[in-house]
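Notes follow once the structure below has been shown.
None of the values given here were measured: they were computed from a predicted structure. Computed over heavy atoms, backbone and side chain alike; hydrogens, waters and symmetry mates excluded.
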Amino acid sequence: MLKKYSDFRHLFSGRLISNCGDSIYVLVLSWYILEVTKSTMLVGLLNSIIFLPNVFSFMFGKAIDRWNKKKTLILLEFIQLIAVLVIIGGMAIAEQFQTLSLVIIFFAVFIAATASTNTYTVQDAYVPALMPKEDLPKAEMYMSFAYNGTDYVFTSIAGFLLAVMSYMSLLVVDVITFVLSILTFGRLDDGTTTKPVDLDEKKDILSGFKVLMASRLLRTFAFGAAFGNLMFGGLNVYTLTIGKDFGGSSYFGLLTAGSSIGIMIGGTFVVNFVLKYYNVGRILWIVDIIFGLILLPISIFTNKYMLLLVWFIAFIFLGVSQVVQKPILQAEIPHEKMGEVISAFSTLTISTLSLGSLLFGYLAKFMDWKIFMVIFGMSYVFIGLLYFSNKQFNNYSVND
């Protein structure tokens, strides 16, 4: 795949490097806020800010379809680089002006997250132009590794490095990764993709939502993804509390390492095997149910190594789920509307991560992580059954 499509190779490499940067500053800041303020509510607020830009994703969709995608990717990476430098500046004044420091950090995180969110959309809209539809599942296997596998790996590595390196040092490493991603995206071809849009169509910024709502399959998909991400917003908060209960930042690093390795195994070896026998729709509902069932009883484990093992196994199935989701969107959406529909999908689905982070950041003061994990597991079983109930979804194949 990487040898066959040279532009896809550069896109994949740039995303791989950029995700290292994303994951480092998210983990560093999550732990920094928890240690400095001792507030799970502020950690929830941080996670909410990270995902808040997805609420406005639909506003950028038409521009993404029209603009030069290579130049757009480079600009968005540069914005993230500047935002990380501002975060470093905000942390530098924390001892003298703690409140101002937090305001600066949260503002810079919002800017970085806005750029990062649109980077994902540009890339997802770009991939279908680089290869035929039948190669999209394999392409997503690579991109899922770049999106998620490295995200969790570098989050876990950063978790361990927090014990031996300062917050500032890790953020300097972060700056270097964004410089490298800019250089890598610079090797892409022109990236201009679409025809001009007429004035009436340009005014209709809700057209992406209309495409989603017109399809029962996409409506079902959007609802399931939105609900799942609402729960994942809570998991981002509660994973920190599990880490603190079982050993601090080192165990938090182990949890993220377990999830990262599980996602990479599921998103490469396992999904490559199951795609030979089942269509993407059927795979999706089965693995979502299994993922939920495995995590449902995790609270009964008191041995931290047994809990870690179960955690790892569960995330293998999440890795499979993440790979087979995007090809459904890319195959179902008209190419000329790819950016605006994917942006609308992000607004409907990923923005709930922000809501979940706020909601469960507040509830974490009253609700134990064991109760949350039962609710989380049941939620994913429900999502799997929702997909199963839609016959079109159940039988969906990108090769049709």
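A 6.0 Å sphere centred on CZ of Phe227 holds more than 12 heavy atoms belonging to other residues, nucleotides or ligands. Atom CZ of Arg219 has more than 12 neighbouring heavy atoms from other residues, nucleotides or ligands inside a 6.0 Å radius. Surrounding OH of Tyr305 are at most 12 heavy atoms belonging to other residues, nucleotides or ligands under 6.0 Å away. Enclosure of atom CZ in Phe78 is not indicated, since only 12 or fewer non-hydrogen atoms of other residues, nucleotides or ligands lie within 6.0 angstrom. Enclosure of atom CE in Met367 by more than 12 non-hydrogen atoms of other residues, nucleotides or ligands within 6.0 angstrom is indicated.
Nearest heavy-atom pair, Ile294 versus Ala314, reported as atom, atom and distance to 0.1 Å: CG2-CB, 3.6 Å. Smallest separation of non-hydrogen atoms from Glu77 and Ser181: OE1-OG, 2.6 Å. The minimum heavy-atom distance linking Thr121 with Ser346 is given by the pair OG1-OG, 4.4 Å. Between Ser101 and Ile93, the shortest heavy-atom contact is CB-CG1, 4.1 Å. For the residue pair Ile104 and Gly90, the shortest heavy atom distance occurs at CG2-CA, 3.9 Å. Nearest heavy atom pair, residue Val237 against residue Phe360, reads CG1-O, 4.2 Å.
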Practice item. Could you walk me through whether Trp285 and Phe388 pass ring-ring contact (aromatic ring centres under 6.0 Å, His included), step by step? Key: CA-CA 6 Å; Trp285 74 260; Phe388 169 73; 4.6 Å; yes
Review point. How far apart are the C-alpha atoms of Phe317 and Val320, what are their side-chain angles, what is the distance that settles it, and do they pass the side chain to side chain contact (heavy atoms under 4.5 Å, CB included) test?
Key: CA-CA 5 Å; Phe317 294 94; Val320 176; 5.5 Å; no
**Study point:** Stepwise side-chain hydrogen bond (donor to acceptor under 3.5 Å, both in side chains) check, Ser357 with Asn236
**Key:** CA-CA 7 Å; Ser357 294; Asn236 289 336; 4.6 Å; no
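Inter-residue side-chain proximity for Ile265 and Phe312 is flagged as met; some heavy-atom pair is nearer than 4.5 Å. For the pair Ile350 and Thr117, the minimum side-chain heavy-atom distance is 4.5 Å or more. For the pair Arg282 and Val274, the minimum side-chain heavy-atom distance is 4.5 Å or more. Looking at Thr37 and Leu102, their side chains come closer than 4.5 Å, going by heavy atoms from C-beta outward. Ile289 is not listed as a side-chain neighbour of Tyr387, based on a closest heavy-atom distance of 4.5 Å or more. Side chains of Val84 and Phe178 form a contact here, defined as non-hydrogen atoms less than 4.5 Å apart. Within the 4.5 Å cutoff, no side-chain heavy atoms of Ile342 are placed close to those of Tyr120. Proximity of Leu81 to Leu85: side-chain heavy atoms (C-beta onward) are separated by under 4.5 Å at one or more points.
Looking only at distances, no side-chain donor or acceptor of Tyr126 sits under 3.5 Å from a matching main-chain atom of Leu11. Of the possible polar contacts, one joining the Gln123 side chain to the Thr119 backbone as a donor-acceptor pair under 3.5 Å is found. Side chain of Ser116 to main chain of Ala113: no donor-acceptor pair is present (N/O by atom type, distance under 3.5 Å, no hydrogens or angles). Side chain of Asn390 to backbone of Leu386: no donor-acceptor contact under 3.5 angstrom is found. The main-chain N or O of His10 is never found under 3.5 Å from a side-chain atom of Ser13 such that the two would form a donor-acceptor pair. Side chain of Lys370 to backbone of Ile300: no donor-acceptor contact under 3.5 angstrom is found. Using a distance-only test at 3.5 Å, with no hydrogens or angles considered, a donor-acceptor pair links the side chain of Thr347 to the main chain of Ser343.
Rounded to the nearest 0.5 angstrom, Leu217 CG and Leu212 CG are separated by 10.5 Å. Taken to the nearest 0.5 Å, the CG atom of Leu188 stands 10.5 Å off from the CZ atom of Arg9. One finds the CG atom of Leu171 at 5.0 Å from the CD1 atom of Ile88 (value rounded to the nearest 0.5 Å). Rounding to the nearest 0.5 Å gives a distance of 8.5 Å between CG of Leu29 and OH of Tyr32. Once rounded to the nearest 0.5 Å, the distance linking CZ of Phe301 with CD1 of Ile298 reads 7.0 Å. The line from CG of Leu309 to CG of Asn303 is 10.0 Å long, rounded to the nearest 0.5 Å.
Clustering ILVMFWY residues whenever any of their side-chain heavy atoms sit less than 4.5 angstrom apart, transitively, puts Leu318 in a cluster other than the one holding Met378. In terms of hydrophobic clustering, with Ile, Leu, Val, Met, Phe, Trp and Tyr side chains grouped at heavy-atom distances under 4.5 Å, Val36 and Val103 are assigned to different clusters. When hydrophobic clusters are built by joining Ile, Leu, Val, Met, Phe, Trp and Tyr residues whose side-chain heavy atoms come closer than 4.5 Å, directly or via intermediates, Leu42 is grouped together with Leu359. Both Phe252 and Ile33 belong to a common hydrophobic cluster when Ile, Leu, Val, Met, Phe, Trp and Tyr are linked at side-chain heavy-atom distances under 4.5 angstrom. Taking hydrophobic clusters as Ile, Leu, Val, Met, Phe, Trp and Tyr residues chained together by side-chain heavy-atom distances below 4.5 Å, Phe232 shares a cluster with Leu363.
Using bins of under 30°, 30° to 60° and over 60° for the plane-to-plane angle, the ring pair Phe376/Phe372 lands in the tilted bin. Taking the six-membered ring for Trp and thresholds of 30 and 60 degrees, Phe221 and Phe345 have ring planes inclined between 30 and 60 degrees apart.
Screening residues 237-247 for salt bridge (Lys or Arg N to Asp or Glu O under 4.0 Å) gives Glu35-Lys244 as the qualifying pairs, with residues at least two apart or on separate chains.
Here Ser215 pairs with nothing under the side-chain hydrogen bond (donor to acceptor under 3.5 Å, both in side chains) rule; sequence neighbours left out.
Screening Phe246, Phe315, Trp311 against Leu255 for a side chain to side chain contact (heavy atoms under 4.5 Å, CB included) leaves a single residue, Trp311.
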